Amino acid sequence: MNTMNIMIVGVGGQGTLLASRILGKVAIKAGHDVKISEVHGMSQRGGSVVTYVKYGEKVYSPIIDFGEADIILAFEMLEAYRALPYLKKGGKIIASTQEMDPMPVITGATAYPENIQKKLGDKVNLVAVDALSAAKEAGTVKAVNVVLIGLLAKSTDTPKEVWLETIKETVPPKFLEINLKAFELGYNM
Amino acid sequence: MKELMIGNAAVARGAYEAGASVVSSYPGTPSTEITESIVSYDDIYVEWAPNEKVASEVAIGASIAGARAMTCCKHVGLNVMADPVFTASYTGVNGGLVICVADDQGMHSSQNEQDSRHYAEASKIAMLEPSDSGECKEFTKLAFELSEEYDTPVFLRLSTRVSHSQSLVEKEEKCDYKLKDYKKEPQKYVMAPANAIKRHIVVEDRIKKLIRYAESCNINSIENNGKKIGIISAGITYMYAKEALGDNVNYLKLGMIYPMPEKLIKDFAAACDTVYVIEELDPVIENHCKAIGVPVIGKEKFTLLGEYTPSMIKKAVLGIESVENIVPTEEIPGRPPVMCAGCPHRGTFYVLKKLGLTVAGDIGCYTLGAMPPLGAIDTTICMGASVSAAHGMAKARGDEFAKNLVSVIGDSTFMHSGITGLVDIVYNKGINTVLILDNSITGMTGHQDNPTTGYTIRKEPTKQVNLITLCKSIGIDNVTVCDPFDIKTLEKVVGEEVKKDEPSVIIVQRPCALLKTVKYSGHCTVTDKCKKCKACMKIGCPAITLKDGAVKIDTTQCNGCGLCINVCPFGAIEKED
């Protein structure tokens, strides 16, 4: 089954759902069959969250297995590292360099791994950017998701206009300007 | 035109197209968005009921009155509504009645992993199971039709991966459904023994008819690829099997999982050398196959626990294990869910832990008070059990134990089934102290209104249940209202109330930090007065971390709630813009 598999990982509350919905809509516009698997409920409360976006001629399973992700879009470095086993050979990780301590690190039960960026970069194709600063520049830290979508968009064949049109359809009008700016910042990174 | 929808939204669309006009539910992950999606259809009456039992009774009443009606719940919600549902199987329906139940394989957001398919057999109610959003819509419509044709409620069984996965759905027009006539039929709707004895005969006869339907209906379908291996599956596991095994096997996909066909399964198995049953959780299909004399391979190859994956299926059936991937060479710290920065519950659990009390917990965001570093909760069983289980603990160990024991229960959970436990305490001379954690919303499931919020599901203002008056009216004389961020007062009040020789209720009130109406200014920052005593780290706020020996507050996470300022003994944390 040759589908394009994109895994979006982050911390509950970072806006991974919006990113997956934008990706899904773009894939539909290109005429693909699409499935997206989301996470709701308790896991959204600051825990690791994983969303899968799959598209192609025909998609059966909505989930992505080990070694199957073409792209991992990571909102946080530890989550990028955690998702590594899911990356396909030759796949790419696009990550925000933001680091957020999980509770076991805060309580001192364990330590946040050092130099994740280097460890990942040595093993796989990693594009790590400071999406948080870009989001702040756009107007809100909450726009990290659209900055990363912008960065991802640049590496696809889908015309930029389609991405912009989809963002317009997806985000509330009140936040459109900030999100369009965030997209541009990501696109031009 | 096809549209991406989560399975839950597709079920709602199906109910709309089928002409359903009454929907009543109680929220529960992963089922909540079905009822929330109904809100977008103006001509359907929709409500949040106080609990699943009430919700299902509303739907049953609407069906008897001639409407197509639906109720939706999570797997454990079906336990709560089991009483009316089992008897609705006997009464049958007037307008179509559909009961959606969403299982949570893998326990993404649940306290157990029960398999709701057992309920279909136990209550003798037909059950359909869709495998993607398109089927969610189609099966919902079919469920209404079958309900009326066979005079039975119909279960629609979902799972986390079906409920919360988006796939393409073709929208169609709403059908022109007219309310059925209502006429008094006590022999059908008054389930006193004399009538129920006759209805049981009808139920058994109905199952026989439904088995005949199952033999030939198009939702039970065979895909013959001329192979030696056969797969029997349903729902999301069918999709995993298709992904894993492609055209290398034959498939029998069961869209109707109760009652199951006999001849269809026998014929399918006869054409294969080996038949595997692939189903998450319990061996329900497997046991049926074995009972009708069809040898199948099931749970000896597949686990009873958690979710399946395509690779797991590929390995079990084809013996292929060929994942090429890279794994980290060190252990990755886990990231369990935590109370959000600014969560009002944090202050409550800080105080309860400080007082060293035994805490009977309940179901909601505040269950996270059991996690380190707060670690304040001793028990969590089900909705409402914090109150009644604490009563049992107190009766078992006596008043001295009860004076070091509290129950914690959210506003919505208290309305769901905490109130009955509290009545038990009053009636049976208990002395327990119950903390109602009133955050002005049903939090964990994503902000649903409830009887204490003053708004309906459609955000229309309504009568608000007053928790103080309610508790007083059932005989609780000690009712206090406290702010969980005023930790000194809360500590004093809890300390006093638990020592009393009569029951007390403390309503701990502060709205959920994620509500749009909640705005704190600026954020907190650690000044050079910090003595590194780490008192602020005991509250388990995700924004407060230790970097190179110094306490730091992450401004991207901090929402400025200021609880850490209240716990710092040196006044070393300040607010900045």
Side-chain angles (χ1 to χ4, degrees), chain A residues 1 11-13 20-21 24-25 28 33-48 52-53 59-63 65-68 76 78-79 81-82 84-89 98 100-113 116 119-120 123-124 132 136 141, chain B residues 2-4 6 29-30 32-33 104 108-110 132 161 163-168 236 239-240 242-244 246 307 309-311 323-341 365 367-368 371-373 444-446 514 537 540-542 544-546 554 556-557:
Chain A
M1 237 47 71
V11 178
S20 66
R21 289 180 174 183
K25 283 186 185 172
I28 292 182
D33 185 23
V34 181
K35 279 191 181 168
I36 303 171
S37 190
E38 304 180 344
V39 180
H40 299 241
M42 185 177 267
S43 330
Q44 277 184 303
R45 300 282 172 262
S48 299
Y52 309 106
V53 180
V59 186
Y60 291 106
S61 161
I63 62 167
D65 237 317
F66 290 127
E68 282 189 347
E76 199 273 348
L78 179 63
E79 297 313 311
Y81 202 19
R82 192 190 313 284
L84 178 63
Y86 289 88
L87 194 67
K88 189 183 272 182
K89 200 178 168 190
Q98 189 179 356
M100 291 164 77
D101 284 356
M103 201 46 71
V105 171
I106 292 176
T107 61
T110 180
Y112 196 99
I116 296 177
K119 287 170 189 165
L120 285 176
K123 287 175 180 144
V124 299
L132 187 63
K136 281 179 187 162
V141 292
Chain B
K2 287 194 172 181
E3 203 174 291
L4 266 183
I6 58 169
T29 313
T32 313
E33 300 80 6
D104 190 16
H108 295 267
S109 198
S110 300
D132 64 11
R161 295 295 180 189
S163 282
H164 288 163
S165 287
Q166 297 200 37
S167 54
L168 294 168
I236 192 65
M239 289 296 181
Y240 296 157
K242 278 292 282 185
E243 172 121 351
E307 295 188 285
T309 61
S311 61
V323 183
E324 266 193 273
N325 65 351
I326 307 164
V327 291
T329 47
E330 63 193 302
E331 203 172 316
I332 308 282
R335 191 185 298 274
V338 291
M339 284 184 233
C340 307
C365 288
T367 311
L368 294 168
M371 307 290 285
M444 180 61 88
T445 43
L514 299 183
M537 300 198 71
C541 176
I544 306 177
T545 61
L546 202 61
D554 178 0
T556 62
Q557 292 193 70

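On a predicted model such as this, the values are computed, not experimentally measured, just so you know. Order of the sequence lines fixes the chain letters, A, B, ..., with proteins taken first and strands second; residue numbering starts at 1 for each chain.
Scored by the salt bridge (Lys or Arg N to Asp or Glu O under 4.0 Å) test, B:Glu33 finds no partners at all (sequence neighbours excluded).
Per-residue counts of heavy-atom pairs under 4.5 Å with chain A were compared for B:Pro310, B:Pro328, B:Ser311; the largest is that of B:Pro328. Counting heavy-atom pairs closer than 4.5 Å to chain B, the top residue among A:Pro85, A:Pro104, A:Ser20 is A:Pro85. With respect to chain A, the highest number of heavy-atom pairs below 4.5 Å among B:Glu3, B:Met239, B:Arg335 belongs to B:Arg335. Ranked by non-hydrogen atom pairs under 4.5 Å with chain A, the options B:Pro333, B:Pro372, B:Ser167 are led by B:Pro333. The greatest number of non-hydrogen atom pairs below 4.5 Å with chain B, out of A:Leu78, A:Val141, A:Leu84, is found for A:Leu84. Note on A:Glu68, A:Lys119, A:Glu79, A:Lys88: by heavy-atom pairs under 4.5 Å with chain B, the leading option is A:Glu79. Interface summary for chain A: among B:Gly334, B:Pro542, B:Ala244, B:Pro373, the most heavy-atom pairs under 4.5 angstrom belong to B:Gly334. Ranking B:Leu546, B:Ile236, B:Thr32, B:Val323 against chain A, the residue ahead of the rest is B:Val323, based on heavy-atom pairs under 4.5 Å. The candidate from B:Pro30, B:Cys340, B:Gly446, B:Gly540 with the greatest count of non-hydrogen atom pairs under 4.5 Å with chain A is B:Gly540.
Neither the backbone nor the side chain of A:Ile116 comes within less than 4.5 Å of any heavy atom of chain B. Residue A:Ala109: no heavy atom, backbone or side chain, is found under 4.5 Å from chain B. Of the two parts of A:Val34, the backbone and the side chain both hold a non-hydrogen atom closer than 4.5 Å to a non-hydrogen atom of chain B. Both the backbone and the side chain of A:Asp101 come within contact range of chain B, each with at least one heavy atom under 4.5 Å from a heavy atom of that chain. For a residue to count as touching a neighbouring chain, one of its non-hydrogen atoms must lie under 4.5 Å from one of that chain's; by this rule B:Thr29 touches chain A with the side chain only. If you measure heavy-atom distances from B:Cys541 to chain A, the contacts under 4.5 Å come from the backbone alone. Only the side chain of B:Gln557 comes within less than 4.5 Å of a heavy atom in chain A; its backbone stays farther off. For a residue to count as touching a neighbouring chain, one of its non-hydrogen atoms must lie under 4.5 Å from one of that chain's; by this rule B:Asp132 touches chain A with the side chain only. Contact annotation for A:Val124: only side-chain heavy atoms (C-beta onward) come within less than 4.5 Å of a heavy atom of chain B.
Across all non-hydrogen atoms, the minimal contact from A:Gln98 to B:Thr556 is NE2-OG1, 3.7 Å.
B:Met371 CE to A:Thr107 OG1: the interatomic distance, rounded to the nearest 0.5 Å, is 10.0 Å. Expressed to the nearest 0.5 Å, how far OH of A:Tyr86 lies from CD1 of B:Ile326 amounts to 15.0 Å.
Residues B:Thr309 and A:Ile63 are in side-chain contact: their nearest non-hydrogen atoms beyond the backbone lie under 4.5 Å apart. Under the 4.5 Å side-chain criterion, counting only non-hydrogen atoms from C-beta, B:Thr329 is in contact with A:Lys123.
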Practice item. Apply side chain to side chain contact (heavy atoms under 4.5 Å, CB included) to the pair B:Leu4 and A:Arg21, showing each step before the final yes or no. Key: CA-CA 9 Å; B:Leu4 266 183; A:Arg21 289 180 174 183; over 6 Å; no

Point to revise | Chi angles and distances behind the side chain to side chain contact (heavy atoms under 4.5 Å, CB included) call for B:Leu514, A:Arg45 | key: CA-CA 11 Å; B:Leu514 299 183; A:Arg45 300 282 172 262; 4.0 Å; yes

Exercise for review: Could you please spell out the steps behind the side chain to side chain contact (heavy atoms under 4.5 Å, CB included) verdict for B:Leu168 and A:Ile28?
Suggested key: CA-CA 9 Å; B:Leu168 294 168; A:Ile28 292 182; 3.5 Å; yes

Exercise for review: Could you give me the CA-CA distance, side-chain angles and deciding distance for A:Phe66 and B:Val327, then say whether side chain to side chain contact (heavy atoms under 4.5 Å, CB included) is met?
Suggested key: CA-CA 10 Å; A:Phe66 290 127; B:Val327 291; over 6 Å; no

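A donor-acceptor pair under 3.5 Å links the side-chain atoms of B:Glu243 to the main chain of A:Ser61, judged by distance alone.
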